[in-house]
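Right, one structure below, let's go through it.
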Amino acid sequence: MKQQLEEIKSRAAAALANAKLPQEIDELRVRFLGKKGELTGILKQMGKLSPEERPVIGQLANEVRSWIETDIETRLTEIKASQMAARLESEKLDVTLPGKRPQFGAKHPLSIVLDEIKEIFIGMGFEIADGPEVETDYYNFEALNIPKDHPARDTQDTFYINDNILLRTQTSPVQVRVMEQKKPPIRIISPGRVYRSDALDATHSPLFHQIEGLVVDKGITFADLKGTLETFIKRLYGEDSVVRFRPHHFPFTEPSAEVDVQCFNCKGEGCRLCKGEGWIEILGCGMVHPKVLSNCGIDPEVYSGFALGMGLERVVMRRYNIDDIRLFYENDVRFLKQF
Ligand code: DAH
């Protein structure tokens, strides 16, 4: 029995020395010291021993038990230490390495100027309105006093989806949608994408952006239109901007005008930027046509209003002296980084 105990001790020593994981140590603890373990098995046979042998073997068995217990603790500590060392090695972090600077995006020039324009109009009590880009013939043309045979349709080369549905060629249909839904007083601007089947070149794109404006209330006059637009242009281009109203024609406004600002480059002398004109056209506007008001269920005998429409790309090209509209859509970082 003494020999069996010695053998258990040396088997345990060998097994513990080989163990590499804390789970293996736990298994060995059960195998040698557990209720059904090897050492317990020996102790169960103590009854067969003579009274003289019993205390000697008993003492030896206790020594073996405590030796195995100590060895288990030692091995466990060693294994945990080497696991920690391995982890520290594999997770080593060199804090002296230079960092990677995150790339920040920037606002697109169209968004920069659009946000500015929105701010100016919001400051004058306007709200932002929205409308669909896929429109019906009625909202894009008919309700705006552009019937089927009207020549204005030719100037807005339209992408038709079918006879009745099209990609809006202007933001003006939003006027109609707003007036149908809301009774005056109305003060909105509506920025958004518009589409025309123009070939892409330095000054034309089949997709571009417009900003529509609409004011309807009792007693709105052309003086309100002029005052609002002068204020807007001076806020956008500077207090010393010179503004000019030129008679024009739009089917949905009567009377209509185009608004020019004096060329800030040559101060009206004529230069390359204004193509020798001395003036730069900024937007179209006018008093909302009585037919358009009544098409939307607003009584033109009681209410009047003005409307305006401008191309965002043009405004931004003038602001930053950009000479090719395609730059806006190409996502070339070398271009975009400049704003
Ligand atoms: N919708 C016109 C266009 O695309 C621009 C415009 C002119 C809008 C005058 C208006 C306006 O609301 O009153 O050419």
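Side-chain atoms are counted along with the backbone in the values below, which use heavy atoms only and exclude waters and symmetry mates. Note that ligands are numbered from 1 as they come in the structure, with each ligand's atoms numbered from 1 the same way. Keep in mind that what you see is a predicted model, and the values were worked out from it rather than measured.
- At least one heavy atom of Gln210 sits less than 4.0 Å from an atom of ligand 1.
- Between Arg187 and Asp217 there is no salt bridge, since none of the side-chain N atoms of the basic residue sits less than 4.0 Å from a carboxylate O of the acidic one.
- Note: the hydrophobic cluster containing Val174 also contains Val292 (ILVMFWY, side chain heavy atoms under 4.5 Å, direct or indirect links).
- Under a 4.0 Å N-O distance rule, the pair Lys20/Glu24 does not qualify as a salt bridge.
- For atom 13 (O) of ligand 1, the nearest protein heavy atom (residue, atom name, distance) is Ala307 O, 3.2 Å.
- Side chain to side chain, Asp198 and Ser205 fail the donor-acceptor criterion of an N or O pair below 3.5 Å.
- To the nearest 0.5 angstrom, Ser304 atom OG is 11.0 Å from Leu225 atom CG.
- Under a 4.0 Å criterion applied to the non-hydrogen atoms of Cys285, ligand 1 contributes the atoms 9 (C), 11 (C), 13 (O).
- Using a 4.0 Å cut-off to heavy atoms of Thr253, the atoms of ligand 1 that qualify are 13 (O).
- Residue contacts with ligand 1 for Arg168 are absent, since no atom lies close enough (heavy atoms, distance under 4.0 Å).
- For Leu283, no heavy-atom contact with ligand 1 is shorter than 4.0 Å.
- Side chains of Gln170 and Gln210: no donor on one and acceptor on the other come within 3.5 Å.
- Within the 4.0 Å heavy-atom shell around ligand 1 one does not find Glu258.
- Applying the side-chain hydrogen bond (donor to acceptor under 3.5 Å, both in side chains) test between Glu7 and each of Gln3, Gln4, Arg11 identifies Gln3 as the sole match.
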With side chain to side chain contact (heavy atoms under 4.5 Å, CB included) as the test, would you mind laying out the steps for Leu5 and Leu39 before giving the verdict? CA-CA 8 Å; Leu5 283 170; Leu39 191 64; 3.5 Å; yes
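- Atom numbering of ligand 1 starts at 1 in the shown order; those under 4.0 Å from a heavy atom of Ser172 are 1 (N), 8 (C).
- Taking every non-hydrogen atom of Gln170 and a distance limit under 4.0 Å, the qualifying atoms of ligand 1 come out as 1 (N), 2 (C), 3 (C), 4 (O).
- With ligand atoms numbered from 1 in the order given, ligand 1 contributes 12 (O) to contacts under 4.0 Å with heavy atoms of Gln175.
- Remark: ligand 1 and Phe252 share no N or O pair separated by less than 3.5 Å (distance only, no angle test).
- At a cut-off of 3.5 Å, with distance as the only test, no side-chain donor of Ser190 or Glu212 sits close to an acceptor on the other residue.
- With hydrogens left out, the protein atom closest to atom 14 (O) of ligand 1 is Arg196 NH2, 4.0 Å, a heavy atom.
- The single protein non-hydrogen atom nearest to atom 12 (O) of ligand 1 is Glu212 OE2, 2.5 Å, given as residue, atom name and distance.
- Comment: Glu38 does not engage Lys9 in a salt bridge, judged by the lack of any side-chain N to carboxylate O separation of less than 4.0 angstrom.
- Annotation: atom 5 (C) of ligand 1 to nearest protein heavy atom, Gly309 CA, 4.0 Å.
- Short contacts between ligand 1 and Gly286, defined as distances under 4.0 Å to a heavy atom of the residue, involve ligand atoms 13 (O).
- Residue Phe250 places no N or O, backbone or side chain, under 3.5 Å from any N or O of ligand 1.
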